[in-house]
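Notes for the one structure printed next.
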Amino acid sequence: MARAENTQLIDRFHSFYREYYKDDIGALGRQYPTGKKSLVVDWQDLYQFDPDLADDFRSQPGQLREYAEEALRLYDLPVEVSLSQAHVRIRGLPETTEIRDIRADHRGRLLAVQGIVRKATDVRPKVTNAAFECQRCGTLTRIPQTGGDFQEPHECQGCERQGPFRVNFDQSEFIDAQKIRVQESPEGLRGGETPQAIDVSIEDDVTGEVTAGDHVTVTGVLQLDQQGNDREQSPMFDVYMDGM
């Protein structure tokens, strides 16, 4: 999108917050970051404010969430606090998608699925911005860790040699992370059908909130994970969700 359009969308979210979420943002500012770290937005409120913006959030959730969080960072709070790392989380989509009905067309879209938590991993630290220290000259090279694989520097920015490097934990940024597996509820299945499941990756303040056996509605973005390994890639993909 063009820069002017980006600014326009950020302004729309800013207007939406002033009209619908002024008190919620004030409460977030007073409790951030130890008590609260997210602004939870009901999709129906966004749709009532601007149906096109709400629909765009469902079809382009990654991009629209960036604009929503930038508008939150720029929001003028009555308290002296920066919401630089605060999240915007959407809930209350108008319908849920059956796990067995997820298809290729859902890739990258915001969905809501219902089911029972069958598995929840322990909450573990996940590096989001790794600081690599060159063992030859001590130069730090920071690399954002945005994909599924751990990204390392090709060469030192100081001495221009190919390492060796070690991760400087004090200079790196970490976040809590967890995976849960959500399975279809058996009461909604026809006789003889096997319940299907989907894995959901969740991060930061929503980790540690559910355990096996809980009935949940999960809102998140559908992602693809290619089957196979480094030597032999498959044209088939598994699906999972980045939980919001």
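Only this structure's heavy atoms are used, side chains among them; waters, hydrogens and symmetry mates stay out.
- Of all the heavy atoms in I90 and M244, the pair that sits closest is N-SD, 3.5 Å.
- Contact record, C159 with C134: SG-SG, 3.8 Å, taken as the closest heavy-atom pair.
- Of the possible donor and acceptor atoms, none in the side chain of Q114 sits under 3.5 Å from a partner among the backbone N and O of E98.
- Between R136 and G163 the shortest heavy-atom distance is NE-O, 2.6 Å.
- Using a distance-only test at 3.5 Å, with no hydrogens or angles considered, no donor-acceptor pair links the side chain of E184 to the main chain of P195.
- In summary, of the residues considered (V221, V113, I99), a side-chain contact (heavy atoms from CB on, under 4.5 Å) with M241 occurs for V113 alone.
- S172 contributes a side-chain N or O that, together with a main-chain N or O of A131, makes up a donor-acceptor pair within less than 3.5 Å.
- Residues Y240 and S201 come closest through the heavy atom pair CD1-OG, 4.3 Å.
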> Between S38 and R89, is a side chain to side chain donor-acceptor pair (under 3.5 Å) present by the stated rule, with each step listed?
Replying inline: CA-CA 7 Å; S38 295; R89 302 188 183 277; 3.0 Å; yes

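- Atom CG of D242 and atom CG of L110 lie 11.0 Å apart (nearest 0.5 Å).
- Heavy atoms from other residues, nucleotides or ligands lying under 6.0 Å from CZ of F174 number more than 12.
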>> Before you tell me yes or no, could you show the steps for Q171 and R142 under side chain to side chain donor-acceptor pair (under 3.5 Å), namely the whole-Å CA-CA distance, both residues' side-chain angles and the distance that decides it to 0.1 Å?
In response: CA-CA 9 Å; Q171 296 296 322; R142 290 179 171 83; 2.9 Å; yes

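- Under the 4.5 Å side-chain criterion, counting only non-hydrogen atoms from C-beta, P186 is in contact with I116.
- For CZ of R107, the number of neighbouring non-hydrogen atoms (other residues, nucleotides, ligands) closer than 6.0 Å is 12 at most.
- With Y32 contributing its side chain and A27 its backbone, the two residues share no donor-acceptor pair below 3.5 Å.
- Stacking of R58 on the aromatic ring of W43 is recorded, both the 6.0 Å distance cut-off and the 45° axial limit being met.
- A chain of hydrophobic side-chain contacts below 4.5 Å, direct or via other Ile, Leu, Val, Met, Phe, Trp or Tyr residues, connects V200 to V216.
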> Can you list the steps and then say if Y47 with F16 is a ring pair (Phe, Tyr, Trp, His ring centres under 6.0 Å)?
Replying inline: CA-CA 10 Å; Y47 186 83; F16 169 66; over 10 Å; no

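- Using a 4.5 Å heavy-atom cutoff, the side chains of R73 and S82 are not in contact.
- Both L222 and V206 are members of a single hydrophobic cluster when ILVMFWY side chains are connected at heavy-atom separations under 4.5 Å.
- Once rounded to the nearest 0.5 Å, the distance linking CD of Q60 with CG of D55 reads 11.0 Å.
- Ring pair F150/F132 is tilted by interplanar angle, where 30° to 60° counts as tilted.
- Environment of CG in D225: crowded, with over 12 heavy atoms of neighbouring residues, nucleotides or ligands closer than 6.0 Å.
- The shortest distance between side-chain heavy atoms of Q145 and N129 does not fall below 4.5 Å.
- Between the side chain of T128 and the backbone N or O of I175 there is no donor-acceptor pair closer than 3.5 Å.
- Heavy-atom minimum distance, T141 versus P153: CG2-CB, 4.1 Å.
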>> The test is side chain to side chain donor-acceptor pair (under 3.5 Å); show your working for D238 and Q227 and say whether it passes.
In response: CA-CA 7 Å; D238 294 320; Q227 297 178 5; 2.8 Å; yes

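- Side-chain heavy atoms closer than 4.5 Å link hydrophobic residues (I, L, V, M, F, W, Y) into clusters, and following such links, possibly through other members, connects V239 to I180.
- Atom CD of Q233 has more than 12 neighbouring heavy atoms from other residues, nucleotides or ligands inside a 6.0 Å radius.
- Within the 3.5 Å criterion, the main-chain N or O of R91 finds no donor-acceptor partner in the side chain of T219.
- With values rounded to the nearest 0.5 angstrom, D11 atom CG is found 10.5 Å from E70 atom CD.
- Checking Y21 against D45 by side-chain atom types alone, a donor-acceptor pair falls below 3.5 Å.
- Annotation: K179, atom NZ; neighbour count of heavy atoms from other residues, nucleotides and ligands within 6.0 Å does not exceed 12.
- In this pair, Y75 and Y17 present their aromatic rings perpendicular. The plane angle is above 60°, beyond the 30 to 60° band.
- Interatomic distance, D52 CG to R12 CZ, rounded to the nearest 0.5 Å: 9.5 Å.
- Around CG of D101, the count of heavy atoms belonging to other residues, nucleotides or ligands within 6.0 Å exceeds 12.
- The environment of Q162 atom CD is sparse: at most 12 non-hydrogen atoms of other residues, nucleotides or ligands sit within 6.0 angstrom.
- V123 is not connected to I202 by any chain of hydrophobic side-chain contacts under 4.5 Å among Ile, Leu, Val, Met, Phe, Trp and Tyr, and they are in different clusters.
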>> Checking V41 against V88 for the side-chain contact (heavy atoms from CB on, under 4.5 Å) test, could you report, in this order, the C-alpha distance in whole Å, the side-chain angles of both residues, the deciding distance, and whether it holds?
In response: CA-CA 7 Å; V41 171; V88 174; 4.1 Å; yes

>> ring pair (Phe, Tyr, Trp, His ring centres under 6.0 Å) for F13 and Y67? Distances and angles first, verdict last.
In response: CA-CA 8 Å; F13 277 112; Y67 301 143; 7.5 Å; no

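- Around the CD atom of E95, the shell of radius 6.0 Å holds more than 12 heavy atoms that belong to other residues, nucleotides or ligands.
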>> Evaluate R181 against D199 for salt bridge (Lys or Arg N to Asp or Glu O under 4.0 Å), listing each step before the verdict.
In response: CA-CA 4 Å; R181 178 165 295 166; D199 289 336; 2.6 Å; yes

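- Rounding to the nearest 0.5 Å places CZ of R161 at 9.0 Å from SG of C137.
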>> side-chain contact (heavy atoms from CB on, under 4.5 Å) for Q63 and D56? Distances and angles first, verdict last.
In response: CA-CA 9 Å; Q63 199 167 38; D56 286 346; over 6 Å; no

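- Without hydrogens or angle criteria, Q226 side chain to S234 main chain gives a donor-acceptor distance under 3.5 Å.
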>> Test salt bridge (Lys or Arg N to Asp or Glu O under 4.0 Å) on D204 and K37; report intermediate values, then the result.
In response: CA-CA 8 Å; D204 208 7; K37 297 180 74 174; 2.9 Å; yes

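- When all heavy atoms of L93 and A112 are compared, the pair lying nearest together is CD1-N, 3.8 Å.
- Residues Q183 and Q196 fail the side-chain proximity criterion, which asks for heavy atoms closer than 4.5 Å.
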>> Using side-chain contact (heavy atoms from CB on, under 4.5 Å), reason through Q48 and Y20 one step at a time and then give a plain yes or no.
In response: CA-CA 10 Å; Q48 185 174 350; Y20 284 80; 3.5 Å; yes

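- Cluster membership check: I10 shares its hydrophobic cluster with F49, using side-chain heavy-atom separations under 4.5 Å among Ile, Leu, Val, Met, Phe, Trp and Tyr.
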>> Between R124 and Q178, is the side-chain contact (heavy atoms from CB on, under 4.5 Å) condition met? List the steps.
In response: CA-CA 6 Å; R124 289 289 183 262; Q178 185 182 28; over 6 Å; no

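- Remark: L77 CG to L72 CG distance equals 7.5 Å, nearest 0.5 Å.
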